[in-house]
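Below is one structure, written out as structure tokens; the observations come after it.
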Amino acid sequence: MSSSNSSSELVNGFGRVIGVGSYLPKNILTNDDLAKIVETNDQWITERTGIKTRHISDPEVDTTESMAIAAAKAAVKDAGIDPLEIGLVIVACTTPNVLFPALSTSVQAAVDADNAMCFDMNAACPGFLTAFVTAQNYIKAGTVDCALVVGAENLTNYVNFEDRGTCILFGDGAGAVVLRSEKDQQYDAIMRAAGKRGECMHCESVMQKGREMTEEFRKATYINMDGQTVFKFAVTEVPKVIEDLLGRTGTDADDIDYFILHQANRRIIESVAKRLKQPIEKFPMNIEKTGNTSSASIPILLDEMKQQGLLGQGNKKIVVSSFGAGLLWGAFQTEI
Ligand code: UT7
């Protein structure tokens with residue numbers, strides 16, 4: 001849907017979040033459950049990650065697609081809009097159950113957003129961030145007025161439950177937001193990538209012509225991660241990109257109400273808070289219950305914050321930041 005503004009005056013603002021929604025599978029996997037599968041224990045996982053439980057998909061009930069649709073429907077309902085207003089649907093996803101058509105087209109159909117263009121984005125954990133930033137640019141350009149942005153992951157399909165270094169971290173779920181153009185909406189973002197450092201997190205497709213299913217290849221088709229390298233990258237780059245963003249928007253960190261970070265590890269979030277010299281209370285967390293849900297983690301947390309009455313009526317200043325495989329990372333600042 002294009003802007004109805006006169007050509008001499010571009011008045012399209014950035015998008016304001018007017019609706020949020022999420023879906024978490026009913027099945028819960030505890031640290032004690034994991035201790036029966038691999039050599040680990042509740043104390044180690046809790047101390048090193050902050051995770052106690054994670055929701056995991058039920059193969060009889062949940063697919064990435066069904067979770068994306070559930071979250072999207074909730075966000076559209078929360079926004080209280082006519083779905084025909086939506087001009088763009090983006091689904092951020094690294095673990096789709098179908099490769100094509102794009103999940104965003106299933107979401108479009110399910111929410112009756114019949115006027116929307118659709119595409120999916122694979123940017124691993126910062127997928128939602130990347131999709132949000134993309135949608136904001138479509139809105140600001142006047143290409144669309146309203147966008148639905150979804151992050152959905154069925155990561156446990158790709159978790160190697162023989163690898164204690166990764167299987168303790170991940171959970172499944174989906175979250176979504178609806179953005180609508182508002183003339184005075186404040187927003188800015190910085191996105192970064194370092195493909196040359198990408199080897200520390202990768203997962204190969206099982207569908208590769210000519211590849212023999214050796215033990216080595218089988219392992220490569222699960223989530224593989226050098227945890228310490230990713231940890232060091234996150235605690236170094238996330239505070240830096242947030243500081244750069246705050247510098248660019250001329251905002252004092254003290255004036256930010258919430259720093260909403262990708263829920264990957266409690267110690268990473270604590271380290272970022274320390275580096276930014278901000279109280280940990282300004283860093284909402286749900287990692288204890290959800291684990292790392294990759295591109296779904298931020299919209300799931302936003303929905304939880306809304307339900308707790310923590311999000312305002314456009315008067316809360318927030319910084320959202322995420323990082324992950326790629327390596328990819330970035331941050332945006334807005335009011336919510
Ligand atoms: O979405 C973004 C992607 N990922 C991340 O953000 C992950 C970032 N990294 C991390 O969160 C952490 O590096 C982990 C939680 C993955 C690992 O924590 P760590 O403090 O970096 O542990 P480590 O890999 O240095 O391992 C320390 C010890 C090792 O034993 P030794 O060699 O010291 O005897 C590991 O073998 O802990 C052992 N270990 C475990 N022990 C019990 C590794 N995993 C486990 C486990 N339970 N699950």
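This is a predicted model, so every value here is computed, not measured. For ligands, and for the atoms within them, numbers begin at 1 and follow the listed sequence. The chain is numbered in sequence order, starting from 1.
Among all protein heavy atoms, the one lying closest to atom 16 (C) of ligand 1 is Gly165 O, 3.7 Å. With respect to atom 3 (C) of ligand 1, the closest heavy atom belonging to the protein is Met201 SD, 3.6 Å. Of the protein's non-hydrogen atoms, Arg164 NH2, 2.9 Å is the one closest to atom 36 (O) of ligand 1. In this structure, atom 22 (O) of ligand 1 lies nearest to the protein heavy atom Arg48 NH1, 3.5 Å. What sits closest to atom 11 (O) of ligand 1 on the protein, heavy atoms only, is Asn265 ND2, 2.7 Å. The protein heavy atom nearest to atom 4 (N) of ligand 1 is Met225 SD, 3.3 Å. Atom 21 (O) of ligand 1 has as its closest protein heavy atom Gln228 CG, 3.5 Å. Protein heavy atom at the shortest distance from atom 9 (N) of ligand 1 is Gly227 O, 3.0 Å.
The distance from ligand 1 to the heavy atoms of Ile168 drops below 4.0 Å at these ligand atoms: 48 (N). Residue contact check: Cys125 has heavy atoms under 4.0 Å from atoms 1 (O), 2 (C) of ligand 1. Residue contact check: Arg267 has heavy atoms under 4.0 Å from atoms 18 (O), 19 (P), 20 (O) of ligand 1. Which parts of ligand 1 touch Thr40 is read off a 4.0 Å heavy-atom cut-off, strictly below it: atoms 42 (C), 46 (C), 47 (N), 48 (N).
Checked by atom type, the side-chain pair Arg54/Asn31 shows a donor-acceptor distance below 3.5 Å. No donor-acceptor contact under 3.5 angstrom links the side chains of Thr334 and Gln186, judged on distance only. There is a side-chain donor-acceptor pair under 3.5 Å between Asp120 and Ser104. Side-chain contact check for Glu85 and Asn115: no donor-acceptor pair (N or O, by modelled atom type) lies under 3.5 Å. A donor-acceptor pair shorter than 3.5 Å can be found between the side chains of Gln333 and Thr251. Using a 3.5 Å distance cut-off with no hydrogens or angles, the side chains of Thr46 and Asp42 do pair a donor with an acceptor. Side-chain contact, Thr221 with Glu204: no donor N or O sits under 3.5 Å from an acceptor N or O. Between the side chains of Glu153 and Thr293, not a single donor N or O lies within less than 3.5 Å of an accepting N or O.
By the 30° and 60° cut-offs, the orientation of the rings of Phe119 relative to Tyr138 is tilted.
Within a 4.0 Å radius of atom 34 (O) of ligand 1, the protein has no heavy atom. Atom 31 (P) of ligand 1 lies below 4.0 Å from none of the non-hydrogen atoms of the protein. Counting only heavy atoms, the protein never gets under 4.0 Å from atom 14 (C) of ligand 1. Per-atom contact check: atom 45 (C) of ligand 1 touches the protein, criterion being a heavy-atom distance below 4.0 Å.
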Would you list the atom pairs, donor with acceptor, under 3.5 Å between side chains in residues 319-327 and any protein atom, with sequence neighbours excluded?
unit_1, atom_1, unit_2, atom_2, d
Ser321, OG, Gly330, O, 2.9
Ser322, OG, Cys125, O, 3.4

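Residue contact check for ligand 1: Ile45 places no non-hydrogen atom closer than 4.0 Å to it. Remark: distances from the non-hydrogen atoms of Ala234 to ligand 1 are all 4.0 Å or more.
A donor-acceptor pair is defined here as one N or O able to donate and one able to accept, closer than 3.5 Å; no such pair exists between the side chain of Glu65 and the backbone of Asn97.
When only interatomic distances are considered, the shortest N/O to N/O separation between Asn292 and ligand 1 falls below 3.5 Å. Residue Thr49 has no N or O atom closer than 3.5 Å to an N or O atom of ligand 1. Checking only distances, Val230 never comes within under 3.5 Å of ligand 1, N or O to N or O.
More than 12 heavy atoms of other shown residues, nucleotides or ligands fall within 6.0 angstrom of atom CD in Glu215.
Residue pairs meeting the side chain to side chain donor-acceptor pair (under 3.5 Å) criterion with at least one member in residues 163-176, sequence neighbours excluded: Ser57-Asp172, Thr156-Asp172, Asp163-Thr166.
Heavy-atom proximity to atom 17 (C) of ligand 1, evaluated over Phe170, Trp44, Phe231, is greatest for Trp44.
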